[in-house]
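This report concerns only the one structure given below.
Any value given below was found using the heavy atoms of this structure, including those in side chains, with hydrogens, waters and symmetry copies removed.
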Amino acid sequence: MTPFACDYPAACAVPSPNHGERAGGLKPDMIVLHYTGMETAQAALDWLCREESQVSSHYFVHEDGRVDQLVAEDRRAWHAGKSVWKGETDINSRSIGIEIANAGHLGGLPDFPPAQIEAVAELCRDCGNRWSITAERVLAHSDVAPIRKADPGEKFPWDQLHSSGVGHWVPPAPIGGGRFFQRGDQGQPVEAVQTMLSFYGYGIEVTGVFCEKTEGVVAAFQRHFRQSQVDGIADISTLDTLHRLLSALPNFSR
């Protein structure tokens with residue numbers, strides 16, 4: 001494996017063979033966060049560094065806050081798989097992938113230790129500053145691959161990252177009564193929900209039919225932005241939170 005100098009000064013180089021050229025000379029304009037979803041950090045790190053796995057990430061953050069760099073930032077790591085954001089489908093060519101050691105849903109979704117979250121925030125700030133990555137393009141794997149992926153999960157503290165200057169966030173609206181939309185519903189209100197999700201960046205077709213994919217995208221949104229209840233139902237809390245996020249975007253017009 002070819003050695004490289006770490007782009008992030010606090011990282012240790014642990015080279016993975018799994019990388020390639022960024023397509024079309026693209027540069028990173030987004031950060032995608034993952035959990036490893038394996039029983040131990042060492043097992044996950046070993047897997048990411050094996051050629052047979054055909055997966056990798058640019059960075060790996062241990063529970064104690066140590067950071068390893070597996071792939072140089074100017075190379076295309078293989079972390080996002082089949083994914084889409086803002087109509088872009090080759091997410092690997094335009095992103096920095098960060099794996100966070102955590103057993104994930106299959107392991108009971110354990111809490112992320114404070115030292116680990118502090119390290120993730122510092123790493124994201126460093127990458128974001130060097131590549132001019134905007135707050136709304138710091139994303140979850142589940143955002144770019146809804147239904148297929150659920151990481152880093154509904155217990156990942158996006159609010160803490162935002163307090164540290166990383167990511168796009170508004171306090172989620174409280175859950176209450178009122179009108180809601182769910183699978184099987186049809187009509188202009190469903191079309192409006194799909195349009196808002198699409199404008200934010202999610203890969204969703206505007207059909208006016210609340211289908212399985214719409215439910216999955218709503219659940220992905222909730223997993224990131226309304227974590228207290230992830231059910232795929234577009235209730236008032238979800239819609240209000242989505243609207244306030246859109247309103248905070250620089251290119252959003254009411």
Ion pair check, D126 and R130, cut-off under 4.0 Å: yes
Cation-pi check, K86 onto Y202 ring (under 6.0 Å, within 45° of axis): no
Pair T36-W47, side chain to side chain contact (heavy atoms under 4.5 Å, CB included): steps then yes or no: CA-CA 10 Å; T36 54; W47 182 243; over 6 Å; no
Would you call [X] and [Y] a side-chain contact if the rule is heavy atoms closer than 4.5 Å?
X	Y	result
R22	P28	yes
P152	W158	yes
F180	T238	no
T214	V209	no
R223	F156	no
I100	I98	yes
W85	S95	no
E215	I147	no

Nearest-0.5 Å distance, [atom1] of residue [X] to [atom2] of residue [Y]:
X	Y	atom1	atom2	result
S56	R75	OG	CZ	10.5 Å
R226	L245	CZ	CG	12.5 Å
C211	I204	SG	CD1	6.5 Å
E136	L246	CD	CG	10.5 Å
L109	N102	CG	CG	6.0 Å
N92	M30	CG	CE	10.0 Å

State whether the side chain of [X] and the backbone N or O of [Y] hold a donor-acceptor pair below 3.5 Å, judged by distance alone.
X	Y	answer
Q69	V71	yes
S237	A173	yes
D111	P113	no
S142	A140	no
R148	K82	yes
Q116	A101	yes
N18	V55	yes
S132	G128	no
S247	H243	yes

Identify whether [X] and [Y] are in the same connected component of the hydrophobic contact network (ILVMFWY, side-chain heavy atoms under 4.5 Å).
X	Y	result
L123	W131	yes
F199	V206	no
L139	I117	yes
F112	I31	yes
I96	L26	no

Neighbour count >12 (heavy atoms, 6.0 Å) for atom CD, Q54: yes
Within 6.0 Å of CD in Q229, more than 12 heavy atoms from elsewhere: yes
Nearest heavy-atom pair of [X] and [Y]: which atoms, and what distance?
X	Y	answer
G203	V84	CA-CG1, 3.6 Å
G107	P110	O-CD, 3.8 Å
A219	V230	O-CG1, 3.6 Å
G167	V138	CA-CB, 4.1 Å
P15	C49	O-SG, 3.9 Å
G216	P146	O-CB, 3.9 Å

Is a donor from one side chain sitting under 3.5 angstrom from an acceptor on the other, for [X] and [Y]?
X	Y	value
T207	E191	no
Q222	D231	yes
S93	R76	yes
Y8	E73	no

Step-by-step side chain to side chain contact (heavy atoms under 4.5 Å, CB included) determination, R125 to S164: CA-CA 9 Å; R125 284 195 301 270; S164 299; 3.4 Å; yes
From CA spacing to verdict: salt bridge (charged side-chain N to carboxylate O under 4.0 Å, His left out), R94, D90: CA-CA 7 Å; R94 61 189 325 132; D90 187 358; over 6 Å; no
R137/D29 under salt bridge (charged side-chain N to carboxylate O under 4.0 Å, His left out): CA gap, chis, key distance, verdict: CA-CA 7 Å; R137 289 178 75 85; D29 63 7; 3.1 Å; yes
Test side chain to side chain contact (heavy atoms under 4.5 Å, CB included) applied to W78 and S53, step by step: CA-CA 10 Å; W78 305 340; S53 74; over 6 Å; no
Ring pair (Phe, Tyr, Trp, His ring centres under 6.0 Å) assessment of H34 paired with H79: CA-CA 9 Å; H34 309 253; H79 61 96; 5.0 Å; yes
Chi angles and distances behind the salt bridge (charged side-chain N to carboxylate O under 4.0 Å, His left out) call for D235, R179: CA-CA 6 Å; D235 60 359; R179 192 176 183 187; over 6 Å; no
Residues forming a ring pair (Phe, Tyr, Trp, His ring centres under 6.0 Å) with F221, sequence neighbours excluded: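 Testing F221 for ring pair (Phe, Tyr, Trp, His ring centres under 6.0 Å), a comparison that skips the adjacent residues, returns F225.
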Pair L33-E99, side chain to side chain contact (heavy atoms under 4.5 Å, CB included): steps then yes or no: CA-CA 6 Å; L33 302 184; E99 287 278 357; over 6 Å; no
Qualifying residue, where the test is side-chain hydrogen bond (donor to acceptor under 3.5 Å, both in side chains) with Y35 and the options are K155, K149, H141, H105: H105
